[in-house]
Amino acid sequence: YDDHRDLHRLIRRQRQMCIRDSIMDKLYQLITVEGINPATMSIEELYSRELMNVTAYRPQMVVFDRTDRVTAIHGIGDHRRYYAYLKNELLYFRQLDILTIRVSALIDESIYRREASLADVVIRLEYQREGSVLRPYLYISRYGRRPAIIDSNAIEECLLEVESVLTGGQ
């Protein structure tokens with residue numbers, strides 16, 4: 001390399017790649033992903049499987065993604081039974097000091113209210129139209145506190161900060 005700037009760019013890119021690889025290695029050590037098809041199990045089997053995984057992995061945090069699918073499969077017909085299992089599971093995880101995050105699409109307002117009533121914190125992604133652009137914002141409510149709204153600028157700033165941390169500020 002004749003130009004020292006090219007060499008600096010190459011070194012910077014290599015450093016970023018090493019940092020990303022190091023972060024990914026750590027994440028793979030810390031994160032376990034378990035896929036479960038709720039349509040192939042009864043609510044009792046699903047509950048048992050989730051408890052078995054928590055016992056085996058001993059996590060500090062559990063994230064359930066697309067819980068609306070589980071609700072649609074098991075919570076519509078006999079919602080009292082479904083919510084009894086859900087409430088027991090959430091209370092058990094809380095007793096074990098496990099942070100539980102449930103990610104759901106908003107399908108039905110009454111189902112949303114029922115599930116939100118079990119949560120300590122609810123984060124709801126909404127969109128606001130600004131001219132021809134839809135801008136995301138987060139509506140965050142905690143039991144016993146006033147709701148907070150985080151606008152798209154703050155979300156973007158947060159994402160840039162996360163990216164900066166992941167790339168070592170480069």
Side-chain angles (χ1 to χ4, degrees), residues 22-128 134-166:
S22 173
I23 290 169
M24 291 309 294
D25 288 344
K26 292 287 185 201
L27 288 177
Y28 286 128
Q29 291 172 12
L30 295 172
I31 296 174
T32 301
V33 176
E34 182 78 26
I36 299 174
N37 182 351
T40 63
M41 301 178 183
S42 68
I43 188 66
E44 292 83 7
E45 291 170 317
L46 187 60
Y47 179 71
S48 175
R49 176 83 175 267
E50 290 169 355
L51 293 181
M52 184 178 67
N53 286 337
V54 163
T55 302
Y57 296 119
R58 303 243 179 232
Q60 294 179 354
M61 176 174 51
V62 175
V63 179
F64 294 101
D65 191 20
R66 292 307 308 263
T67 59
D68 52 287
R69 291 179 180 169
V70 179
T71 305
I73 294 166
H74 295 291
I76 301 297
D78 187 356
H79 71 272
R80 287 178 191 237
R81 188 164 138 256
Y82 170 73
Y83 284 104
Y85 275 104
L86 177 59
K87 185 175 182 178
N88 285 337
E89 183 178 73
L90 294 174
L91 290 172
Y92 178 66
F93 290 169
R94 188 177 295 161
Q95 182 182 1
L96 296 176
D97 288 327
I98 297 172
L99 173 63
T100 306
I101 299 173
R102 296 176 47 83
V103 180
S104 177
L106 178 60
I107 305 297
D108 178 88
E109 192 68 33
S110 66
I111 292 172
Y112 162 76
R113 283 195 305 273
R114 202 174 301 134
E115 291 202 11
S117 72
L118 299 174
D120 292 324
V121 178
V122 174
I123 302 173
R124 191 167 164 163
L125 175 63
E126 303 268 341
Y127 291 90
Q128 184 175 28
L134 284 177
R135 300 245 185 245
Y137 69 93
L138 297 175
Y139 180 86
I140 302 170
S141 58
R142 284 184 66 182
Y143 182 76
R145 300 217 178 146
R146 287 184 37 189
I149 295 176
I150 300 176
D151 67 12
S152 60
N153 294 330
I155 294 170
E156 189 172 325
E157 187 177 315
C158 180
L159 292 174
L160 289 172
E161 186 174 329
V162 168
E163 181 182 9
S164 174
V165 168
L166 292 177

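These numbers were taken from a predicted model, which means no experiment stands behind them.
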- Task: Given side-chain hydrogen bond (donor to acceptor under 3.5 Å, both in side chains), test Thr71 with Glu115 step by step and report yes or no.
- Result: CA-CA 9 Å; Thr71 305; Glu115 291 202 11; 2.5 Å; yes
- Message: Determine whether Tyr57 and Val62 satisfy the following criterion, side chain to side chain contact (heavy atoms under 4.5 Å, CB included), listing intermediate values before the conclusion.
- Response: CA-CA 10 Å; Tyr57 296 119; Val62 175; over 6 Å; no
- Task: Kindly determine whether Asn53 and Ile36 satisfy side chain to side chain contact (heavy atoms under 4.5 Å, CB included), including the steps that lead there.
- Result: CA-CA 11 Å; Asn53 286 337; Ile36 299 174; 4.2 Å; yes
- Item | Candidate pair Ser152 and Glu156, rule side chain to side chain contact (heavy atoms under 4.5 Å, CB included), full reasoning | CA-CA 6 Å; Ser152 60; Glu156 189 172 325; over 6 Å; no
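For CZ of Arg142, the number of neighbouring non-hydrogen atoms (other residues, nucleotides, ligands) closer than 6.0 Å is 12 at most. Around the CD atom of Glu126, the shell of radius 6.0 Å holds more than 12 heavy atoms that belong to other residues, nucleotides or ligands. For Glu157, the CD atom counts as loosely surrounded, since its 6.0 Å shell holds 12 or fewer non-hydrogen atoms of other residues, nucleotides or ligands. Around the CD atom of Glu34, the shell of radius 6.0 Å holds more than 12 heavy atoms that belong to other residues, nucleotides or ligands.
To the nearest 0.5 Å, atoms OG1 (Thr100) and CG (Leu86) are separated by 10.0 Å. Rounding to the nearest 0.5 angstrom, the gap separating the CD1 atom in Ile140 from the CZ atom in Arg146 is 14.0 Å. With values rounded to the nearest 0.5 angstrom, Leu138 atom CG is found 10.0 Å from Ile149 atom CD1. Separating the CZ atom in Arg124 from the CG atom in Leu106 is a distance of 5.0 Å, to the nearest 0.5 Å. Going from atom CG of Leu125 over to atom CD1 of Ile150 covers 11.5 Å, rounded to the nearest 0.5 Å. Here CD1 of Ile155 is found 12.0 Å from CG of Leu160. Values are rounded to the nearest 0.5 Å.
The shortest side-chain heavy-atom distance between Tyr92 and Asn88 does not fall under the 4.5 Å cut-off. Under the 4.5 Å side-chain criterion, counting only non-hydrogen atoms from C-beta, Glu50 is in contact with Phe64. By the 4.5 Å heavy-atom criterion applied to side chains, Glu44 and His74 are not counted as neighbours. Here the side chains of Ile101 and Met61 are in contact, with some heavy-atom distance below 4.5 Å.
Here the side chain of Thr55 pairs a donor or acceptor atom with the backbone of Leu51 at under 3.5 angstrom. Side-chain atoms of His79 never come within 3.5 Å of backbone atoms of Ile111 as a donor-acceptor pair (strictly under, hydrogens ignored).
Contact between Pro59 and Val54 at its shortest, heavy atoms only, is CD-O, 3.5 Å. Of all the heavy atoms in Thr40 and Asn37, the pair that sits closest is OG1-O, 2.8 Å. The two atoms that bring Leu46 and Pro38 nearest to each other are CD2-CB, 4.1 Å, heavy atoms only. Across all their heavy atoms, Glu45 and Ser42 have their closest contact at OE1-N, 2.7 Å. Between Ala105 and Asp68, the shortest heavy-atom contact is N-OD1, 2.9 Å. Looking at every heavy atom in both residues, Ala154 comes nearest to Asp151 through N-OD1, 2.9 Å.
Remark: of the listed residues Phe93, Tyr82, Tyr85, Tyr85 is the sole one forming a ring-ring contact (aromatic ring centres under 6.0 Å, His included) with Tyr47.
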